[in-house]
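Proteins get letters first, then strands, A, B, ... in listed order; numbering begins at 1 in each.
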Number of protein chains: 2
Amino acid sequence: MKASRRLPASERRAQLIEVGRAAFARYGYEGTSMEKVADSARVSKPVIYEHFGGKEGLYAVIVDREMDYVVRRIVEAIATGTPRERVEQASLAFLTYVRDQPDGFAILSQDSPLTATRGRLSSLLNDLAERVGHVFAASFKDAGYDPRAAPIYAHALVGMVTFVGKWWTDVRKPSVEEVAKHIGALAWMGLRHLPKKPTLQSRPR
Amino acid sequence: MKASRRLPASERRAQLIEVGRAAFARYGYEGTSMEKVADSARVSKPVIYEHFGGKEGLYAVIVDREMDYVVRRIVEAIATGTPRERVEQASLAFLTYVRDQPDGFAILSQDSPLTATRGRLSSLLNDLAERVGHVFAASFKDAGYDPRAAPIYAHALVGMVTFVGKWWTDVRKPSVEEVAKHIGALAWMGLRHLPKKPTLQSRPR
DNA sequence: CCGGGTTCTTACCGTTGCGTAACTTACTTC
DNA sequence: GAAGTAAGTTACGCAACGGTAAGAACCCGG
């Protein structure tokens, strides 16, 4: 073979990110070895260490880029429109991301051992949920709902879309637009008809 | 120290399951070493191999028990009552499980490398979602909704509760009953007011 | 064709982790 | 108390992985 030629630093760096992203997506953080990444890039290990310092460094760069990307996509989606449209567009944006960037989504939905050690909650999607929570808290206050419940709903929505996304990558059956319709409807109708003070209809036993 | 005495096979086995469960919950499958499990049980490695054959064997037994347990809890919860009560009770049952069995929940919500290799989708909760999907499909048909959309909603609900559960283990702020109220309301209201044919209110650009 | 910087490789170290072979210790039963 | 069985230990083999030191191959201006 002997395919790969020598590359300038910036290109090599970009290639390593690409290759590493695919590896981390497929095998997870622990399951990915530097050897494999190096081999996939047709390069020897020290090259990676030269560029990223270590495994964590490479992973951090990849995760950072991915978070930036997906957050930007969603922020764009909810920039304008009625509340309902925003919910729908956010779902659609996320599912479109899942479809177009399955590797990125796989990385984000893995429990990353890095953030798990320093942070409390492992999931990177938690950040996203927290941001949504702040948006919700404001809307809740305006609408006369208890803002302390906002995080619950925020996490519920993120979890909903995430889990459906994970499932979708497997079955790939209805189009993301179709799925987004249903998710959007469920979320919106749920929020729209929320009682101010939810109660449990606990059944008598 | 020299605390642990010799135990009969069945007790040792039970103890190893308990200890292993805690370890897998805390460090994940890959992050848990047999050495650590053995040390925690005040026993040497070959004892574990005698009982479970290997790491995968131990893990399989633990996961199997856990799935049995949680499924039984939920099946009990949705055995009787109105549809709404079932949704609420299912949420409450799951969140109660999250509260009372944080280790078990941690294990189930990890991406398990074992099922990931042989199966397609990693999550063990996927099985749960699939079962819910079947229940939904029947109800959908009766109510005049498209049963092909059932899996979407099933995964949405499971993802919702799971993600909120994960978050709850971290903050532990409102009681599970309180959280279940909101989740139940969101899910129920969403399902209740679902249009037969959801559409996207795509905004004009 | 020669010096200087960049890019990359070979070869290795230390550690960790799964799994096993050979042996020892304790308990029970006659 | 000896024989036999159940329970457990020590010590090791072996592979994989993260990381690094030392130097080779390449490229370009002079």
Check this for me: does any side-chain nitrogen of one of A:D68 and A:R73 sit under 4.0 Å from a carboxylate oxygen of the other?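 Salt bridge between A:D68 and A:R73, a charged N being under 4.0 Å from a carboxylate O: no.
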Using atom [atom1] of [X] as one end and atom [atom2] of [N] as the other, report the distance to the nearest whole Å.
X: A:K36; N: D:dG18; atom1: NZ; atom2: P; value: 10 Å
X: B:Q15; N: D:dA7; atom1: CD; atom2: P; value: 14 Å
X: B:H51; N: D:dG8; atom1: NE2; atom2: P; value: 6 Å
X: A:L7; N: C:dC8; atom1: CG; atom2: C1'; value: 11 Å
X: B:E11; N: D:dG8; atom1: CD; atom2: C1'; value: 16 Å
X: B:D39; N: D:dG8; atom1: CG; atom2: C1'; value: 14 Å
X: A:L58; N: D:dC17; atom1: CG; atom2: P; value: 15 Å
X: A:L16; N: C:dT7; atom1: CG; atom2: P; value: 12 Å

Give a yes or no on whether the ring-centroid distance for A:F163 and B:F163 is below 6.0 angstrom.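 Distance test on ring centres: not under 6.0 Å, no.
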Please say whether the positively charged group of A:K55, taken as NZ for Lys or CZ for Arg, lies over the ring of A:Y29, i.e. under 6.0 angstrom from the six-membered ring centre and within 45 degrees of the axis.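 Yes - A:K55 lies over the ring of A:Y29, closer than 6.0 Å to its centre and within 45° of its axis.
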Looking at residues at least two apart in the chain, or sitting in another chain, which of them share a side chain to side chain contact (heavy atoms under 4.5 Å, CB included) with A:S175?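 In terms of side chain to side chain contact (heavy atoms under 4.5 Å, CB included), with neighbours along the sequence ignored, A:S175 is linked to A:E177, A:E178.
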All side chain to side chain contact (heavy atoms under 4.5 Å, CB included) counterparts of B:D103, not counting sequence neighbours: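 Side chain to side chain contact (heavy atoms under 4.5 Å, CB included) list for B:D103, sorted by chain: B:R21, B:A22, B:A25.
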Protein N or O to nucleotides 18-20 of chain C N or O, pairs below 3.5 Å:
| unit_1 | atom_1 | unit_2 | atom_2 | d |
| --- | --- | --- | --- | --- |
| C:dC18 | OP1 | B:T32 | O | 3.2 |
| C:dC18 | OP1 | B:K55 | NZ | 2.8 |
| C:dC18 | OP2 | B:M34 | N | 2.8 |
| C:dG19 | OP2 | B:Y49 | OH | 3.2 |
| C:dG19 | OP2 | B:K55 | N | 3.0 |
| C:dG19 | N7 | B:K45 | NZ | 3.0 |
| C:dG19 | O6 | B:K45 | NZ | 2.3 |

Counterpart residues, ring-ring contact (aromatic ring centres under 6.0 Å, His included), relative to A:Y97 (two or more places apart):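 Testing A:Y97 for ring-ring contact (aromatic ring centres under 6.0 Å, His included), a comparison that skips the adjacent residues, returns A:Y69.
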Decide whether B:R12 and B:Q15 meet the rule of one side-chain donor and one side-chain acceptor closer than 3.5 Å.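 Yes, side-chain donor-acceptor contact under 3.5 Å.
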Contacts under 3.5 angstrom, residues 57-65 of chain A side chains, donor-acceptor by atom type, not counting sequence neighbours:
none

Apply salt bridge (Lys or Arg N to Asp or Glu O under 4.0 Å) to A:E76 and A:R72, showing your working. CA-CA 6 Å; A:E76 280 171 18; A:R72 180 149 38 237; 5.3 Å; no
What string of B, S and - do you get for nucleotides 25-30 of chain C 5' to 3' if you count protein non-hydrogen atoms under 4.0 Å? BSS---
